[in-house]
Amino acid sequence: MPVSELQCRISLDRIKKRLHSRFPVESCSPEWEGFDFRLEENFPTLFRHLIELYGHHFDFFYHLEKLLETMALKWLERSPELKSSDGLREADPSWFQSGRLIGAMAYVDLFAGDISGLREKIPYLQELGITYLHLMPLYRTPDGDDDGGYAVSSYREVDAGLGTMEGLRELAAELRQHGISLVLDFVFNHTSDEHEWAQRAREGDEICQDYYLMFDSRQEPDDYERNLRPIFPDEHPGSFTYLTRIKKWVWTTFHTYQWDLNYRNPEVFNAMVEEMLFLANVGVDVLRMDAVPFIWKQKGTSCENLPEAHRVIETFNAVARIVAPSMAFKSEAIVAPDDISSYIGTDQCQISYNPLLMALLWEGLATRNARLLRHSMQHRFAIAPGCAWVNYVRSHDDIGWGFDNRDAEQLGINPYDHRRFLTEFFIGRHPASFSEGEPFQEDPATGDARVCGTTASLCGLGKALAKEDPEEIELALRRILLVHGVTFTIGGLPLIYLGDEIGMLNDPSYREDMEKEGDSRWLHRPFFDWEKAEARTQPDSVEGILHAGFLKLAKMRLNNDAVARGETEIVDAGNDHVFAYFRTTPEQTVFCLANFSDQPQIVSAPRLRQLGLRKALVDIVAGQTIIAAKQLDLEPHQFMVLLKRGA
Ligand code: OTU
């Protein structure tokens with residue numbers, strides 16, 4: 001046995017002995033055996049990662065024992081209901097790939113006032129078929145600007161305006177009873193400057209100062225800064241903030257009030273495990289791992305996507321496999337395509353946002369062309385087995401043009417010019433634009449910017465309604481349903497920003513709010529308009545058409561196994577305006593086509609035959625039979641799902 005394996009075995013035996021003497025009563029219970037079993041199975045992985053990250057610390061074994069104690073304690077605190085969910089999902093580890101899963105995201109206050117208001121809205125979610133609900137961070141944060149909840153002062157307290165932790169626990173249970181999985185954020189790269197650790201650090205507590213990355217002089221920040229890119233350049237230049245009281249610089253990747261945690265310190269890792277398991281025990285089904293690329297820093301590098309960042313996530317994952325195996329991780333890495341996929345794996349994050357698809361869907365709408373979308377997806381859509389994409393059209397954040405430069409260059413597209421064009425297009429500066437977005441974090445030096453705006457406003461609904469132009473309105477509605485058509489059928493789980501299903505437009509009122517005016521992302525975070533939602537029952541209204549369109553997409557997933565869980569193959573339809581893919585299971589094949597052009601398009605008969613489509617097909621979107629021997633006619637922005645029975 002190699003030394004490390006031997007070491008691992010010896011420490012496990014020693015730790016188990018300790019735990020058993022520390023928790024004597026429970027150690028005989030069958031429940032304890034469950035923990036024991038998972039510990040045996042996952043400890044070697046956990047140990048390996050910990051050694052790699054912290055093995056050089058003289059007190060490594062002390063921290064290891066502390067960690068295991070926390071894990072055992074959290075396991076004992078875990079409710080029987082959650083433990084039974086652990087068992088079920090261990091037997092079905094890719095439960096999140098079920099076609100039943102349809103995601104939605106919302107701010108509790110903007111959607112429903114508070115947590116009890118949200119409980120009353122469960123029927124609305126059910127009507128839409130929602131089975132996965134991401135509630136934006138609802139923890140205690142500083143008064144005033146709190147980065148939309150991403151500056152967390154306590155992971156164990158709910159923001160007083162939203163409710164209580166007990167209320168959140170009850171909500172989680174109620175959602176679960178209704179078959180809805182709860183998704184919450186783990187904002188683990190940073191805390192707010194009002195977190196207890198930060199406050200103590202500011203008062204001079206050196207132990208807490210070591211929880212963050214603090215420097216006595218500008219020397220080190222300057223050294224690091226040479227290789228860092230600014231993340232929120234509008235807010236503050238560089239990545240450090242000066243603290244006059246203690247005369248130190250603190251690392252702040254995002255806002256000055258968000259202090260990055262120091263994961264080189266094993267105590268920080270252990271403390272954050274405790275916070276993570278606390279959330280797991282509240283009843284979280286999917287933990288959204290915020291800002292994963294930034295969690296490890298190393299001088300001389302960009303301090304993004306470092307190998308140790310992956311190790312930290314793998315270590316959290318091993319902890320979760322032992323204590324809360326029903327909880328999956330979702331990666332939030334809005335970075336270059338190669339880096340996005342590096343966080344996806346059953347040993348890291350089982351699911352991941354798909355920001356590349358998101359950006360390219362918009363790119364397709366702007367150019368009316370699906371070439372770059374097809375080319376990129378053909379070699380980038382496949383991910384690690386047992387994992388799934390979360391496909392979305394927009395989130396609470398800005399839209400960035402994160403396609404790969406080489407992918408663009410292979411098609412003769414200049415990536416820099418193209419990004420500039422896309423931003424100009426979506427902020428409405430381009431003459432051919434239908435969109436009404438606003439720039440985010442515009443860098444005057446480089447001209448780089450990201451884009452804000454609701455789906456409906458970026459799709460042209462606002463302009464069309466203002467012009468009262470029925471044709472433009474029709475096109476805007478089709479654009480909204482086209483891009484969602486893709487996110488619902490391409491493979492993975494779809495995620496809707498609640499409000500998109502009724503065509504909510506931009507909310508420019510943020511400009512009059514002192515706490516929000518500096519952050520244009522508030523443009524697309526409107527109060528959910530419940531009066532507007534009422535109109536969904538009128539079939540000819542904008543709301544009615546959209547809502548019915550979303551329901552149809554949801555049903556299509558439920559009723560067709562291939563749409564839900566088939567293998568995805570992106571193909572060339574022989575027409576660059578049309579994005580096309582097969583979804584295949586042994587029993588069923590569907591062929592999806594999305595016309596990104598606002599003109600009618602065709603897919604030729606020889607092309608269809610080449611793709612193996614010869615017989616009569618049913619378009620399950622329009623409910624029409626199509627004879628594939630003839631050419632396929634697509635209306636402007638038409639989305640088709642053709643069903644081919646049998647092999
Ligand atoms: C995330 O986003 C959140 O989604 C944002 O709402 C937060 O402001 C931020 O973290 C800080 O907590 O830069 O523009 O690659 O790009 O984490 C959004 C990841 C962001 C980052 C992403 C970040």
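Reckoned from all heavy atoms, side chains included, excluding hydrogens, waters and symmetry mates. For ligands, and for the atoms within them, numbers begin at 1 and follow the listed sequence.
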Engineer: Using 30° and 60° as the class boundaries, would you call the ring planes of Phe440 and Phe232 parallel, tilted or perpendicular?
Structural biologist: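 Geometry flag for Phe232 against Phe440: perpendicular rings.
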Engineer: Between Asp519 and Tyr510, do the side chains contain a donor N or O and an acceptor N or O under 3.5 Å apart?
Structural biologist: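 Result is no, nothing qualifies.
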Engineer: For the backbone of Val187 and the side chain of Tyr155, can you confirm whether one donor and one acceptor N or O come within less than 3.5 Å of each other?
Structural biologist: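 It does hold such a pair.
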Engineer: Is there a donor-acceptor pair closer than 3.5 Å between any side-chain N or O of Lys532 and the backbone N or O of Ile502?
Structural biologist: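 Between the backbone of Ile502 and the side chain of Lys532 there is a qualifying donor-acceptor contact (under 3.5 Å).
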Engineer: What residues come within 4.0 Å of ligand 1, counting heavy atoms only?
Structural biologist: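 If the criterion is a heavy atom under 4.0 Å, then ligand 1 touches Asp147, Tyr150, His190, Ile231, Phe232, Phe254, Gln258, Arg288, Asp290, Ala291, Pro293, Phe294, Glu332, Ala333, Ile334, Val335, His396, Asp397, Asp398, Arg450, Arg521.
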Engineer: Can you tell me how far apart CZ (Arg311) and CZ (Phe269) are? Round to the nearest 0.5 Å.
Structural biologist: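 Taking CZ in Arg311 and CZ in Phe269, the distance rounds to 12.5 Å.
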Engineer: Hey, can you tell me if Trp249 and Tyr242 have their rings parallel, tilted or perpendicular (30° and 60° cut-offs)?
Structural biologist: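 Ring orientation, 0 to 90° scale: tilted.
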